[in-house]
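Everything numeric here is computed off the predicted structure, so don't read it as measured data. In what follows, every chain begins at residue 1, and chains take the letters A, B, ... in the order their sequences are listed. Scope of the values below: all heavy atoms of this structure, side chains included, with no hydrogens, waters or symmetry mates.
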Amino acid sequence: MKNALPETGGFFARNREMHPPAYTPGYKTSVLRAPQRALISLEGTKSEITGPVFGHNIIGEFDNDLIVNYAKPGEMAIGQRIMVHGRVLDERGVGVAGALVEFWQANAGGRYRHKKETYLAAIDPNFGGFGRCITDENGNYAFRTIKPGAYPWPNGVNDWRPAHIHFSIFGHGFAQRLITQMYFEGDPMIAICPIVKTIPDEEAIKRLIAPLDMSNTVPMDMRAYKFDIVLRGRRSTFFENRKEGN
Amino acid sequence: MVQPLNYLKESASQTAGPYVHIGCTPNFTGITGVYDKDLGSGPMATEKTRGERITIKGRVIDGSGTPLRDAMIEIWQADADGFYNSPSETRGKADPNFFGWGRCPADMVTGEFYFETIKPGTVPFNDGRPMAPHVTLWIVARGINIGLQTRMYFSDEEEANAKDPVLTRIEHRVRVPTLIGQRDGDIVTFDIHLQGEHETIFFDI
């Protein structure tokens, strides 16, 4: 089985027990933004099993290098140099080729480059904090960045986010669309984060924590973290799209 | 003992957070010079695109009646003939001048989003019955833990809507209008209510 295009099967039903529910009062903003009625179940139709495919032509040379993609010529972002790499897979364990992966993060001091950001940590003039790439034929992706800092946020009076990187992923169908966050192995802030704790399943939380990967660490240069992302699986179509009597 | 199925589990969703713009629409938030343009921004229809021009606009509104000013909305739709510009579209070839996907951040003051697009054609349901013209929407924001999936149908398609296989299965008929964009000339208005009496129908797809 190969996740080559085109595939036309429907997606595995989403197991919502390991996703955060909409209403999570420990994360206060969810209270007024959580739909309160039951979702209406709808098996995927053409409208959901299809999705946009982005060409490699949208990707600029430095889109996957956050250390330099916003820096002045000859300068670099400040912080611990890391590489984040892994695979986009689906639930069948098959690599998702050609998936657009977008990522964004705070700088090494925990400050985002955003109009509405007011944290007192310094802005790094050489760090934009975002990038993107498209997975190769086996679903692999990689980018270079600096390790983001933890930062405080207005929720509880003393809530802090663990170091994290946001990911937005397109699979092959619009029903696979996913936004999630990657955390770093060994961070004591993970267990006390109200946003992490919206996820009800301990194992599902662990699957968002990237391990330090010394095998891919580049000596005297940068450490590696490995982060695999799993999208919904797709049914085989052995007995679908066949007219009666075939 | 049986053979293990060995399926992986989908990665858990996490909120897009307040700074989704940095990653998805950096130019919109004033971070220029890295991407030429924000992906999915600007008119979805070019001069060569076939179909009737419309503008879809609306807001995402929270349980207090306040529009979200940090939401991001994506739409996905068929072309004027009902074909998707996707490798998984096997019925025919979509209009090469229509990508069918758009992304718009809510305005940071008014909360309004808009898409300059075309009205989609009819797409068949899985059993072959026609679905009324519709666009698929995906909504993320701070405070939304997992992206919300919904559809917008068109108020000028009353007859097709009445037979639509998805709309007709909705038990509480009083909720159906939450999925209908109100057309006035070229403008189709579609407000998305996260809570309350007019809470929009969201789908588990």
Handout entry: Steps toward salt bridge (Lys or Arg N to Asp or Glu O under 4.0 Å) verdict (B:E10, A:R177)
Key = CA-CA 11 Å; B:E10 188 188 9; A:R177 198 75 183 81; over 6 Å; no

Fill in the blank from the handout: The reported gap from OG1 in B:T15 to CD1 in A:I179 (rounded to nearest 0.5 angstrom) is 8.0 Å

Problem - Separation of B:T200 OG1 from A:R37 CZ (nearest 0.5 Å) - result: 10.0 Å

Should the pair [X]-[Y] be classified as a salt bridge under the 4.0 Å nitrogen-to-oxygen rule?
X: B:K9; Y: A:E91; result: no
X: A:R16; Y: B:D204; result: yes
X: A:E102; Y: B:R103; result: yes
X: B:R169; Y: A:E43; result: yes

Handout entry: Closest non-hydrogen atom pair, A:K116 against B:Y19
Key = O-OH, 3.9 Å

Fill in the blank from the handout: In terms of heavy-atom contacts, A:L32 and B:S64 come closest through CD2-N, 3.8 Å

Exercise for the section: Please answer whether the main-chain N or O of B:Q195 pairs with a side-chain N or O of A:R33 as donor and acceptor at a distance below 3.5 Å. Expected result: no

Problem - Side-chain donor or acceptor of B:S88 paired with backbone N/O of A:E7 under 3.5 Å - result: yes

Exercise for the section: Considering only heavy atoms, give the residues of residues 139-153 of chain B separated from chain A by less than 4.5 Å, sorted numerically, with 'none' for an empty result. Expected result: B:V140, B:A141, B:R142, B:G143, B:I144, B:N145, B:I146, B:L148, B:Q149, B:R151

Exercise for the section: Could you please state which residues from residues 125-133 of chain B sit under 4.5 angstrom from chain A, measuring non-hydrogen atom to non-hydrogen atom, sorted by number, or 'none'? Expected result: B:F125, B:N126, B:M131

Return the option, out of [options], with the maximum number of heavy-atom pairs under 4.5 Å with chain B.
options: A:I205, A:T180, A:V31; result: A:T180
options: A:F12, A:F167, A:Y23, A:W153; result: A:F12
options: A:G44, A:A34, A:P21; result: A:A34
options: A:A204, A:A175, A:S47, A:S41; result: A:S47

Problem - Validation row, ring centre A:F170 to ring centre B:W76 under 6.0 Å - result: no

